[in-house]
Amino acid sequence: MAGSRRRRRRRGGRAHSSQPGAELSPLEDATLSTREVTIVEIPPKNACHASGYISSISSGPYVCADLLDTLLHEIIVLINSFHDFLAFISTCRSWRAALSSFPSVYTFSFPPLHLEPDGPYVRPHSRGFRPLLLSKCKWQLSDPCKKSLSLRRSVTQNTPDTMHYLGCSYGYLIFTYEEYCLLVDAYTGAKVRTPKLPCNNELGFTSGIGVLTAPFSSPNSRLLLFSRASMFEWQVGTNSWSVHPLDLDRERIRQIVSLKGHIFVIDALMGLHTVQVTPQFKMQRVAIMWQSLQVFPGNPWLVPCGDMLLMVELSFLSSSSGKLDGFSRFFEVFRLDLSVEPAKWVKMEKLENQALFVSYDKRNPAFSCMNPERWGGKSNCIYVARLFHDDPDDETWTAVELGQLVRTHNTSDSIMYGSTFPPDYSHIGSLWLFPSLVYGGSQ
């Protein structure tokens, strides 16, 4: 009875308006409330739709609307694809609201979506460090579980055209140019303008990376942008930025990950740091005993995996003579052990029932997925979003089992991407992401 009363109060609360013409049926408004952003722009009527993903819902009464959140959470963990996730949250508002109390996206049993830039791909560094043209920025989202289903998207109209790409976080693509900063929902194309950045921020040309500290709908969500000299902090909903100087000798931040509420960043010299935002900014280097590794990593990924922070390295295979055996490469995975001082990286021989998802551009997020066999994947594998592919019929990602050789053509022109030089800011490479609504972003 208490659960029923609670559900009735929830349904009587703030109304969720639908998007007429946004063609996201049966989804309701998947963008954000006006409280959370400075400007929100909804996709126009001719925006691409997700009719390939889901079917419309009847308007009749829902007999399951009064189920308790605890029971709905048990249903959520059984979902095996993003397609099924959409069907779940589209059942009724009560089911969709239950997502807000679901623990974490990393407990989902379905893989992230793959984002591939639309149109002919330009190889890295072939155009220099030019800003991209956002008006021509289009992409396709596809589900590894259902490869025949895809969704094409582009940025909505009235957008500053010249922008630099700084990364992807909680389903939002992050762009800056001079004093402007823009977040674009990769699933809907809706965009969010932040307050103007300070002048001479040094973001976007040869450095710059961005991340959200929490889902955009969270009351404590902050957008953090790192240049070589400063970190710029915007608390979502406020009208200004805070600027924090960095003591990194102007070294570029290569990657940012969030693990159980803690923010880790790794710089170009492989220094690992923790970042504390509240109650005041603090950045502290993590002391690591690198002697535990046989070879110092050159261009690794940091991947959150449950309670662990993993480091994935694409290593060269050496012959008995000590020379490189052609272009043979293989993945190695290490777990950060913080129980000792200094901390150390411990090699993992297997990922057990986990699969990892990475892209060559380290500004993009990396993910883990437990029991991938449930959706047709494979455990102990690393799924790599390929930087480019010349054959349109070829796969846009590749799966490599840990310890197995990586085929040359899957890593050609990609192994050093983002290592010696900053990434090319004139385009976006393919990447993995969970749409913002997976994080309860549409509540």
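Numbers here simply count residues along the sequence, with the first being 1. The model shown is predicted, which means the values in this text are computed figures rather than measured ones.
At least one side-chain heavy atom of S430 sits less than 4.5 Å from a side-chain heavy atom of H114. Between I174 and R363, the closest side-chain pair of non-hydrogen atoms is not below 4.5 Å. At a threshold of 4.5 Å between non-hydrogen side-chain atoms, the residues V346 and D337 count as touching. Residues L223 and W241 form a side-chain contact, since some pair of their non-hydrogen atoms from C-beta on lies under 4.5 Å apart. Under the 4.5 Å side-chain criterion, counting only non-hydrogen atoms from C-beta, L272 is in contact with L302. Within the 4.5 Å cutoff, the side chain of D84 has no heavy atoms near those of the L86 side chain. Between Y383 and T398 the shortest side-chain heavy-atom distance does not fall below 4.5 Å. With a 4.5 Å cut-off on side-chain heavy atoms, F216 and L183 count as touching.
Taking the side chain to side chain donor-acceptor pair (under 3.5 Å) definition, one finds that N380 meets it with nothing, sequence neighbours left out. Listed by chain and number, the residues in a side-chain contact (heavy atoms from CB on, under 4.5 Å) with N201 are L197, L203, F232 (sequence neighbours excluded). Residues forming a side-chain contact (heavy atoms from CB on, under 4.5 Å) with P300 (at least two apart in sequence, or on another chain): R254, M270, P297, M311, E313. The side-chain contact (heavy atoms from CB on, under 4.5 Å) check on Q276 picks up P279, K282, with sequence neighbours excluded. Every side chain to side chain donor-acceptor pair (under 3.5 Å) that K347 has, sequence neighbours left out, goes to E332. Every salt bridge (charged side-chain N to carboxylate O under 4.0 Å, His left out) that K378 has, sequence neighbours left out, goes to E401. Remark: T176 engages no residue in a side chain to side chain donor-acceptor pair (under 3.5 Å) (not counting sequence neighbours). Legend: residues meeting side-chain contact (heavy atoms from CB on, under 4.5 Å) with V358, ordered by chain and number and at least two apart, are W301, V303, A366, I382, V384. In this view, S379 and E373 satisfy the side chain to side chain donor-acceptor pair (under 3.5 Å) rule, not counting sequence neighbours.
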Inset, instruction - Report the C-alpha separation of W345 and L336 in whole Å, then their side-chain angles, then the decisive distance to 0.1 Å, and conclude whether the side chain to side chain contact (heavy atoms under 4.5 Å, CB included) test is met. - result: CA-CA 5 Å; W345 292 103; L336 183 62; 3.4 Å; yes

query: Do L224 and T213 pass the side chain to side chain contact (heavy atoms under 4.5 Å, CB included) test, and can you show the C-alpha distance, the side-chain angles, and the key distance before you say yes or no?
result: CA-CA 7 Å; L224 308 181; T213 61; 3.6 Å; yes

request  = Kindly determine whether N220 and S218 satisfy side-chain hydrogen bond (donor to acceptor under 3.5 Å, both in side chains), including the steps that lead there.
outcome  = CA-CA 5 Å; N220 61 345; S218 174; 2.4 Å; yes

Let's go through S109 and M370 carefully: what are the C-alpha distance in whole Å and the side-chain angles of both, what is the deciding distance for side chain to side chain contact (heavy atoms under 4.5 Å, CB included) to 0.1 Å, and is it a yes or a no? CA-CA 6 Å; S109 297; M370 185 179 293; 5.9 Å; no

**Study point:** side chain to side chain contact (heavy atoms under 4.5 Å, CB included) assessment of D361 paired with Y165
**Key:** CA-CA 11 Å; D361 190 339; Y165 175 67; 4.3 Å; yes

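For the salt bridge (Lys or Arg N to Asp or Glu O under 4.0 Å) condition, the pairs that include at least one residue of residues 229-242, sequence neighbours left out, are R222-E233. Note on residues 288-309: pairs passing salt bridge (Lys or Arg N to Asp or Glu O under 4.0 Å), not counting sequence neighbours, are K260-D307. Within the structure, salt bridge (Lys or Arg N to Asp or Glu O under 4.0 Å) contacts touching residues 263-272 (residues at least two apart or in different chains) do not occur.
For T188 (side chain) and A190 (main-chain N/O), a donor-acceptor pair under 3.5 Å exists by modelled atom type. For S221 (side chain) and S217 (main-chain N/O), no donor-acceptor pair under 3.5 Å exists by modelled atom type. At least one donor-acceptor pair under 3.5 Å links the side chain of W139 to the backbone N or O of A186. Although no hydrogens or angles enter the test, the distance criterion places no donor-acceptor pair under 3.5 Å between the side chain of E202 and the main chain of A229. Distance alone, capped at 3.5 Å, places no donor-acceptor pair between the S169 side chain and the V211 backbone. Under a 3.5 Å cut-off, the side chain of R285 and the backbone N or O of T274 do not form any donor-acceptor pair.
To the nearest 0.5 Å, the span separating CG on L173 from CG on N364 amounts to 8.5 Å. Taking CE of M283 as the start and NE2 of H273 as the end, the distance is 5.0 Å to the nearest 0.5 Å. Atom SG of C181 is separated from atom CZ of R193 by 11.0 Å, given to the nearest 0.5 angstrom. The CD atom of Q235 sits 9.5 Å away from the OG atom of S240 when rounded to the nearest 0.5 Å. Taking CG of L433 as the start and SG of C168 as the end, the distance is 4.5 Å to the nearest 0.5 Å. Atom-to-atom distance recorded for I253:CD1 and S227:OG is 9.5 Å, nearest 0.5 angstrom.
Of the residues listed (F88, W375, F434, Y187), the one engaging F82 in a ring-ring contact (aromatic ring centres under 6.0 Å, His included) is Y187, and it is the only one.
L259 and P304 get closest at one heavy-atom pair: CD1-CB, 4.0 Å. Of all non-hydrogen atoms in S142 and W397, the two that sit nearest each other are OG-CZ3, 3.9 Å. Summarising the geometry of N80 relative to C145, their closest heavy-atom pair is O-SG, 3.5 Å, with the distance given to 0.1 Å. Minimum interatomic distance between R153 and G189 (heavy atoms only, all atoms of both residues): CD-N, 4.1 Å. Scanning both residues, A98 and D69, for their nearest heavy atoms gives CB-OD1, 3.5 Å. The shortest heavy-atom contact between T238 and P195 is O-CG, 3.6 Å.
Aromatic ring orientation, W432 versus F357: perpendicular (interplanar angle above 60°, classes split at 30° and 60°). A perpendicular orientation is assigned to the rings of Y170 and Y439, their planes being inclined by more than 60° (bins at 30° and 60°).
Within 6.0 Å of OH on Y180 lie no more than 12 heavy atoms contributed by other residues, nucleotides or ligands.
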